[in-house]
Amino acid sequence: VQLQASGGGLVQAGGSLRLSCAADGRTFRTYALGWFRRAPGKEREFVATISRSDRRTLYANSVEGRFTISRDSTKNSVYLQMNSLKPEDTAVYYCAAAPSVYSSSTRYISWGQGTLVTVSS
C-alpha cells in the first residue's frame with residue numbers, strides 16, 4: 001500500500017487549500033481513503049473519509065460544511081478541498097487507507113507521510 005500526500009502550505013484564515021493523496025492502483029481500487037490530522041501538542045484526529053464507490057462520505061463535525069473529500073479514479077487520487085480555513089485547522093494532514101468508511105484511526109491499515117497545513121490569523 002502506497003500513499004503520497006501533498007498540497008500543504010501556508011494560508012491566511014478564510015483561505016482555501018486542496019490536499020492530494022496519490023495511491024497505487026490496487027490501494028485505490030480496494031480501500032476507502034481518509035484524511036486525519038495532528039495539530040501541535042494534540043492527538044491525531046479524524047477529518048474525513050470516502051468509500052471505494054465514492055457514494056459514502058463521513059466528516060468530522062469540526063470540518064463539516066467547510067471541507068470536501070473526493071476521489072478521482074483516473075488519477076488514483078483522493079482530495080481534500082479545504083475552504084474557510086481557521087487557525088485551528090493548522091496541523092500535519094495524513095491520508096490513510098481502510099477496508100471501509102471509519103472515523104477511528106485504529107481501522108486504518110496504511111498511512112502516507114504527512115503534509116503540513118499552516119493557517120495564519
Side-chain angles (χ1 to χ4, degrees):
V1 177
Q2 295 184 1
L3 299 165
Q4 182 82 23
S6 62
L10 174 63
V11 63
Q12 288 189 330
S16 299
L17 275 177
R18 189 178 81 152
L19 304 183
S20 301
C21 178
D24 63 274
R26 180 180 178 277
T27 298
F28 188 85
R29 292 188 300 272
T30 305
Y31 297 105
L33 297 172
W35 289 96
F36 287 76
R37 67 187 182 186
R38 186 192 299 272
K42 294 188 177 181
E43 298 290 320
R44 181 172 54 192
E45 66 173 353
F46 168 74
V47 176
T49 186
I50 187 167
S51 64
R52 285 186 304 164
S53 67
D54 200 15
R55 294 174 186 168
R56 186 179 174 196
T57 58
L58 186 65
Y59 294 93
N61 290 338
S62 59
V63 306
E64 182 88 55
R66 298 189 299 124
F67 291 11
T68 302
I69 190 169
S70 61
R71 55 194 294 160
D72 184 344
S73 61
T74 66
K75 298 182 179 180
N76 290 342
S77 294
V78 63
Y79 305 101
L80 186 68
Q81 177 66 44
M82 306 186 295
N83 299 329
S84 302
L85 282 161
K86 305 175 182 180
E88 51 263 44
D89 294 318
T90 295
V92 177
Y93 284 71
Y94 300 88
C95 59
S100 187
V101 172
Y102 299 117
S103 60
S104 171
S105 63
T106 61
R107 298 298 193 112
Y108 286 75
I109 64 167
S110 185
W111 297 79
Q113 94 294 351
T115 186
L116 176 63
V117 173
T118 303
V119 184
S120 63
S121 58

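For clarity, every value in this text was computed on a predicted model and none was experimentally measured. Along the sequence shown, residues carry numbers from 1. Hydrogens, waters and symmetry mates play no part in the numbers below; they use all other heavy atoms, side chains included.
Other residues, nucleotides and ligands contribute only 12 or fewer heavy atoms inside 6.0 Å of the CZ atom of R107. Counting heavy atoms of neighbouring residues, nucleotides and ligands inside a 6.0 Å radius, atom CZ of R56 does not exceed 12 of them.
When all heavy atoms of L80 and A48 are compared, the closest pair comes out as CD1-CB, 4.2 Å. The nearest pair of heavy atoms linking P99 to I109 is CD-CG2, 4.4 Å. In plain terms, the two heavy atoms of S73 and N76 that are nearest each other are O-OD1, 3.4 Å. Smallest separation of non-hydrogen atoms from Y31 and A97: CB-CB, 3.9 Å.
Residues that satisfy the ring-ring contact (aromatic ring centres under 6.0 Å, His included) test with F36, not counting sequence neighbours, are F46, Y108, W111. Taking V119 as the reference, V11, A13, L85, P87, D89, T90, V117 meet the side chain to side chain contact (heavy atoms under 4.5 Å, CB included) condition, with sequence neighbours excluded. Every residue was checked against the side-chain hydrogen bond (donor to acceptor under 3.5 Å, both in side chains) condition with S121, not counting sequence neighbours, and none meets it.
F28 CZ to T74 OG1: the interatomic distance, rounded to the nearest 0.5 Å, is 8.0 Å. Here the CD atom belonging to Q113 is positioned 9.0 Å from the CG atom belonging to L3, to the nearest 0.5 angstrom. Note that the CG atom of L33 and the OG atom of S110 stand 10.0 Å from one another [nearest 0.5 Å]. Of the inter-residue distances, the one linking T57 atom OG1 with R71 atom CZ reads 12.0 Å to the nearest 0.5 angstrom. From S103, atom OG reaches atom CG of L58 across 6.0 Å, with rounding to the nearest 0.5 Å. Taking OG of S16 as the start and CZ of F67 as the end, the distance is 9.5 Å to the nearest 0.5 Å.
When side chains are defined from C-beta on, Y59 counts as touching I69, because their heavy atoms get closer than 4.5 Å. Put simply, the side chain of R66 does not reach to within 4.5 Å of the side chain of M82, judged on heavy atoms. W35 is listed as a side-chain neighbour of V78, based on a closest heavy-atom distance under 4.5 Å. Side-chain contact between S62 and R37 is present, with at least one heavy-atom pair separated by less than 4.5 Å. Under the 4.5 Å side-chain criterion, counting only non-hydrogen atoms from C-beta, R52 is not in contact with R29.
For residues 5-16, no residue pair satisfies the salt bridge (Lys or Arg N to Asp or Glu O under 4.0 Å) rule, not counting sequence neighbours. For the salt bridge (Lys or Arg N to Asp or Glu O under 4.0 Å) condition, no pair includes a residue of residues 3-16, sequence neighbours left out. For residues 13-113, every residue pair satisfying the disulfide bond (SG atoms under 2.5 Å apart) rule, not counting sequence neighbours, is listed here: C21-C95.
Put simply, Y79 and V63 are part of two different groups of oily side chains (I, L, V, M, F, W, Y) that touch within less than 4.5 Å, one to the next.
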